[in-house]
Engineer: 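This is the structure I have questions about; it appears just below.
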Amino acid sequence: MQYEAVIGLEIHAQLLTESKMFCGCSVKFGSEPNTQTCPVCIGMPGVLPVMNKKAIEYVIKTGLAVNCKIAPYSRFARKNYFYPDLPKGYQISQYELPICENGFVEITVNGETRKIGLTRIHLEEDAGKNIHEGAGNYSFVDLNRAGTPLMEIVSEPDIRSPQEAAEFVKKLRAIVRYIGVCDGNMEQGSLRCDANVSVRPAGQKEFGTRTEIKNMNSFKFIEKALDYEIKRQIKILNEGGRIVQETRLWDSNRGITESMRSKEEAHDYRYFPDPDLVPVEVNNVWIEQIRTQLVEMPDARRQRFITQYGLPEQDADLLTSERAIAEWFEQAVKLGGDPKGVSNWMMGELMRLLNEENRPFDECPLKSAQLVEMLVLIEKGTISGKIAKTVFEEMYKTGKDADVIVKEKGLVQVSDESEIEKVVDDIFVKNLKEVERFKAGEEKLLGFFAGQVMKATKGKANPKMVNELLKKKLSGIS
Ligand code: ADP
Ligand code: MG
Ligand code: ZN
């Protein structure tokens, strides 16, 4: 039996506001436990929440970026459950009236572009964190994160493969980072994703019973966890079993998903409108004002890079995957860099150096102008393309400009014909046998001679001149 996977994702994104959703505490990551708390976010009785307007603005901004309808009227609801990291006994969330509905994003996998529907985007507060390592039989609760504004993006069950799921998360991550509403850091948990997955016999219309997988904090794990879970479900069905609707946890060490708890239903949460908060009314003036803050989205920019700069798709993909990368590129082109030349250096050497240090592009120590100045040196023939790699790495590591490095290290390309000629003659004398063989018709030895000259000049000889000179002299000999 052939099966088809059906996947719907729920993405939680912490918003880049200064303060929490309903109080003035900071949302900074990594502080001493419980130093960013107040009576509101630790759930003291008698306190009142006050809405963070910026957070609402960020959700609207996201909604506009992903083609959603912005609700003129929405409200907060209490989602009741008991857990130590939730001192109030309820989470303030949204239920029947979210801020955004009915959007979509497009993803491309294996050359096929598909539209993935977005059911809704709502706003809620994050919970605290339980910490189980440290002291014997105790657990700790850190409430620094409690009350952090959290945006939940829910997709339609439109995704059909683990690869598409990862691509979908990548796309949304790029968008929230482009518009500056979330830093997208999956390791630190500021972007988290739960996956709902079921399988059905190919051709069947009805969906199968789904499980929900939690705890996948990288693109690789999303793919692996879904892959595992789809195979697990198919095996059960093939053996005549039934899928249990439940929440499962991805264990990245063992590479499996494990049952965590049976699936709760909405009525388990006893949702009701939060009586402490007024409804949210959004008028068109506000929406339009937020729309003006929207930057060009990754897809549009990618398309423009292809048409405006004549870049191959692969280059455009990488260069628009992050706003910082795209901006760096465009700055370089604006300063006179040849688009494909700039792209080659970025996709090759620059990415290699950043990856070596595991450094995000935002922290790129090199400026666009520095690359452009180096490209000018290559073009003028001051340095060879080969030497340029050394110069580039040195620029990256020291922050010095190319011309300074070239001077300091004596890397200027030798384009003086008589100087190269001396070296060539010397190489001939030292390699008489090879000269004989060349004369006897072994023309591929030209490369050998060129290599020897480059070695003797530490890569500084102008390669074009070396080749021409070698040809001239060798034909003269024979
Ligand atoms: P809940 O709030 O209980 O998690 P929702 O109806 O909000 O349930 O759905 C959550 C996610 O599950 C959505 O992304 C939706 O697309 C997805 N989903 C719903 N039914 C299925 C199914 N049968 N198989 C796979 N995904 C599903
Ligand atoms: Mg859910
Ligand atoms: Zn607080």
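Order of appearance sets the numbers: ligands from 1, and atoms from 1 within every ligand.
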Engineer: Which is closest to atom 6 (O) of ligand 1 in terms of heavy atoms, Arg210, Gln245, Glu10?
Structural biologist: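 Heavy atom nearest to atom 6 (O) of ligand 1 belongs to Arg210.
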Engineer: Between Gln370 (side chain only) and Leu366 (backbone N and O only), is there a donor and an acceptor less than 3.5 Å apart?
Structural biologist: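 No.
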Engineer: With a 3.5 Å distance limit and no angle check, can you tell me whether Asp183 reaches the backbone of Ser190 through a side-chain donor-acceptor pair?
Structural biologist: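 Absent.
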Engineer: Are any of the N/O atoms on Ile7, whether in the backbone or the side chain, positioned under 3.5 angstrom from an N/O atom of ligand 1?
Structural biologist: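 Checking ligand 1 against Ile7, no N or O pair falls under 3.5 Å apart.
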Engineer: May I ask you to decide whether Arg248 forms a salt bridge with Glu229, counting only side-chain N to carboxylate O separations under 4.0 Å?
Structural biologist: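 A salt bridge links Arg248 with Glu229.
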Engineer: So, are Glu393 and Arg352 salt-bridged, with charged N and O less than 4.0 Å apart?
Structural biologist: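 Yes, Glu393 and Arg352 are salt-bridged.
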Engineer: Taking only heavy atoms of Ser198 into account, list the atoms of ligand 1 that are under 4.0 Å away from them.
Structural biologist: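 Ligand 1 atoms under the 4.0 Å threshold to Ser198: 22 (C), 23 (N), 24 (N), 25 (C).
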Engineer: Please report, to 10°, the angle around the Zn ion (ligand 3) from atom SG (Cys41) across to atom SG (Cys25).
Structural biologist: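 The SG/SG angle about the Zn ion (ligand 3) sits at 110°.
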Engineer: Using a 4.0 Å cut-off to any heavy atom of Val154, which atoms of ligand 1 qualify?
Structural biologist: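 This gives 13 (C), 14 (O) as the contact atoms.
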Engineer: The Zn ion (ligand 3) as vertex, arms to SG of Cys23 and SG of Cys38: angle to 10°?
Structural biologist: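 It rounds to 110°.
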Engineer: Does the plane of the ring in Phe221 sit parallel, tilted or perpendicular to the ring in Trp250? Use 30° and 60° as the thresholds.
Structural biologist: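 Correct class here is tilted.
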Engineer: Counting heavy atoms only, which of Pro157, Ser155, Ala195 comes nearest to atom 13 (C) of ligand 1?
Structural biologist: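 It is Ser155 that holds the nearest heavy atom.
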Engineer: List every atom of ligand 1 that sits less than 4.0 Å from any heavy atom of Gly8, numbering the atoms from 1 in the order shown and giving each element.
Structural biologist: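 Answer for ligand 1: 14 (O), 16 (O), 17 (C), 26 (N).
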Engineer: State the atoms of ligand 1, each with its element, that fall below the 4.0 Å cut-off from a heavy-atom position in Gly208.
Structural biologist: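 What qualifies from ligand 1 is 23 (N).
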Engineer: Which atoms of ligand 1 have any heavy atom of Phe207 under 4.0 Å away?
Structural biologist: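 Result: 23 (N).
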Engineer: Just to be sure I read this right, does ligand 1 sit under 4.0 Å from the backbone of Leu9, its side chain, both, or neither, counting only heavy atoms?
Structural biologist: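 Looking at Leu9 and ligand 1, just backbone atoms fall under 4.0 Å.
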Engineer: Can you sort out which atoms of ligand 1 are near Glu156, meaning under 4.0 Å from one of its heavy atoms?
Structural biologist: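 In order of number, 16 (O).
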Engineer: For the residue pair Lys88 and Tyr90, would you count it as a cation-pi contact if the rule is NZ or CZ under 6.0 angstrom from the ring centre and within 45 degrees of the ring axis?
Structural biologist: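 Checked: cation-pi criterion met.
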Engineer: Any side-chain donor paired with an acceptor under 3.5 Å for Ser343 and Asp315?
Structural biologist: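 Checked: Ser343/Asp315 side chains pair up, N/O donor to acceptor below 3.5 Å.
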Engineer: How about Arg302 and Thr320: does a side-chain donor come under 3.5 Å of a side-chain acceptor?
Structural biologist: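 Side-chain D/A pair, Arg302 to Thr320: absent.
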Engineer: For Val6, take its heavy atoms, then give the atoms of ligand 1 lying under 4.0 Å from any of them.
Structural biologist: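 In order of number, 24 (N), 25 (C).
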Engineer: Between Gln331 and Glu327, do the side chains contain an N or O donor and an N or O acceptor separated by less than 3.5 Å?
Structural biologist: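 No, because no side-chain N or O of Gln331 sits under 3.5 Å from a partner of the opposite role on Glu327.
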